[in-house]
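Positions are given from 1, in the same order as the sequence printed here.
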Amino acid sequence: MAGAEDPAGRHSELEPVVSLVDVLEEDEELENEACAVLGGSDSEKCSYSQGSVKRQALYACSTCTPEGEEPAGICLACSYECHGSHKLFELYTKRNFRCDCGNNKFKNLECKLFPDKAKINSGNKYNDNFFGLYCICKRPYPDPEDEIPDEMIQCVVCEDWFHGRHLGAIPPESGDFQEMVCQACMKRCSFLWAYAAQLAVTKVTAEDDGLVLNVDGIGDQEVIKSENGTHQDSALKEDVPEHGKDAVKEVKAEQTNEPCTSSSSESDLQIAFKNQHLSTESQSGCKLQELKAKQFIKKDTATYWPVNWRSKLCTCEDCMKMYGDLDVLFLTDEHDTVLAYENKGKVDQAADRRDPLMDTLNSMNRVQQVELICEYNDLKTELKDYLKRFADEGTVVKREDIQQFFEEFQSKKRRRVDGMQYYCS
């Protein structure tokens, strides 16, 4: 479609041509993003009755629980119904959380949707995100004082959000990773370094001679060598299932009973240790012990992981106990991932969603389609400006606000076909 002629017979400056298909695809993309974030969360019923929800969209109310007060989180429905005019922090998603709205953390507010709540949810976990602060720098997002463009990435373990530049390792340029584990969580769950050598998007590995591959610097890294007794012993002491420790004890016993008498005895001891270690692995079937028999590296950095990396984690009895002790059993649950949560939201929404606009277009002639796209563009522009006010004020859009918008828009509606010329290219 070209532009109309001006009175002098010249074509006015052409605006970028956007087809109806482009408009609908953009609209669908925005809708899919919203579906992914909400993940099928109920916008009308408080989630408290479901107990600790495996994963849900959460918000924190700065009006009711400002910094200095007890942190609290509220579900999607309560953010609309009970905190509609309040200043909220969007927390994206959290795992195993039960809605706090109206409990003892809220001094002057009763939940309108589910008032009969326990005084406190002892199973909930909180961090600085509930006060609008993120990363190790403890800054808000967006940060008006931060002029450096940088994306925020959520750690899959602690669920805090971090600036890419504050993770000790720059995120892969391709963005081809599904999950990230931050520096602090890699230090706490150091068993993950053995897996990182094989599974991480940016491999963290070491050669047989101890040289580091794909890692810059030396001062902040620890090379673990399977054939070096000192290093291997050190590695096994951290996050190692019990059967691995038993192997170490047995070899140490051999050391005590048979003192070294020649330079070759050390090599014999290393071989004995390795054979004992591998024998224990094959008997237990522990994937982690198989990886620990190889060289790997520990660094003070975050790590980036591909899709389905969790399925490669060992689930033997000893490893499962270790996960429980570290409070990371969720890593063995593929349904715990944000990707699984987003996909669920898209599927749930797609099952209930129809596309009346496309059905209507199919029954229209060319002139009617042009009129519709003009109306659609006007609606899109005015609605965007209208919603921007709420975003700037940090308030939630309520049902009454949307109703008011459409009432005002309907009163200003005009037909656009009369007096207009259209040129088909």
Indicate yes or no for a side-chain donor-acceptor contact from R98 to the backbone of S47 under 3.5 Å, with no hydrogens or angles considered. no
Suppose we screen for side-chain contact (heavy atoms from CB on, under 4.5 Å). Which residues come up paired with D128, at least two apart in sequence or across chains? L133, K138
Can you say whether the rings of F409 and F405 are parallel (under 30°), tilted (30 to 60°) or perpendicular (over 60°)? parallel
Kindly say whether the aromatic ring centers of Y141 and Y92 come within a distance under 6.0 Å. no
List the residues meeting side-chain hydrogen bond (donor to acceptor under 3.5 Å, both in side chains) with N124, not counting sequence neighbours, and say none if there are none. D100, Y126
With the threshold set at 4.0 Å, does a side-chain nitrogen-carboxylate oxygen contact exist between R55 and D333? no
What residues, two or more places apart in sequence or in another chain, satisfy side-chain contact (heavy atoms from CB on, under 4.5 Å) together with K398? E400, D401
Taking atom CZ of F177 and atom CH2 of W309, what is their separation to the nearest 0.5 Å? 13.0 Å
Measure the spacing between CG of L326 and CZ of F191 and express it to the nearest 0.5 Å. 6.0 Å
Within the 4.5 Å heavy-atom criterion, are F106 and I74 side-chain neighbours or not? yes
Quick check: closest heavy atoms across Y304 and A169, and the distance to 0.1 Å? OH-O, 2.6 Å
Please report the interatomic distance CZ(R139) to NE2(H163), rounded to the nearest 0.5 Å. 9.0 Å
Using a 3.5 Å distance criterion without hydrogens, assess whether the side chain of E159 forms a donor-acceptor pair with backbone atoms of R95. yes
Tell me every residue that passes side-chain contact (heavy atoms from CB on, under 4.5 Å) with E90, counting only those two or more places apart in sequence or in another chain. V37, Y59
Heavy-atom side-chain proximity of F162 to M180 below 4.5 angstrom: yes
With sequence neighbours left out, what residues match T315 under side-chain contact (heavy atoms from CB on, under 4.5 Å)? M320, T332
Are any non-hydrogen side-chain atoms of C158 and R188 less than 4.5 angstrom apart? no
All pairs passing side chain to side chain donor-acceptor pair (under 3.5 Å) where residues 62-81 contributes a residue, at least two apart: E69-K107
Do C319 and L313 touch side chain to side chain, with heavy atoms closer than 4.5 Å? no
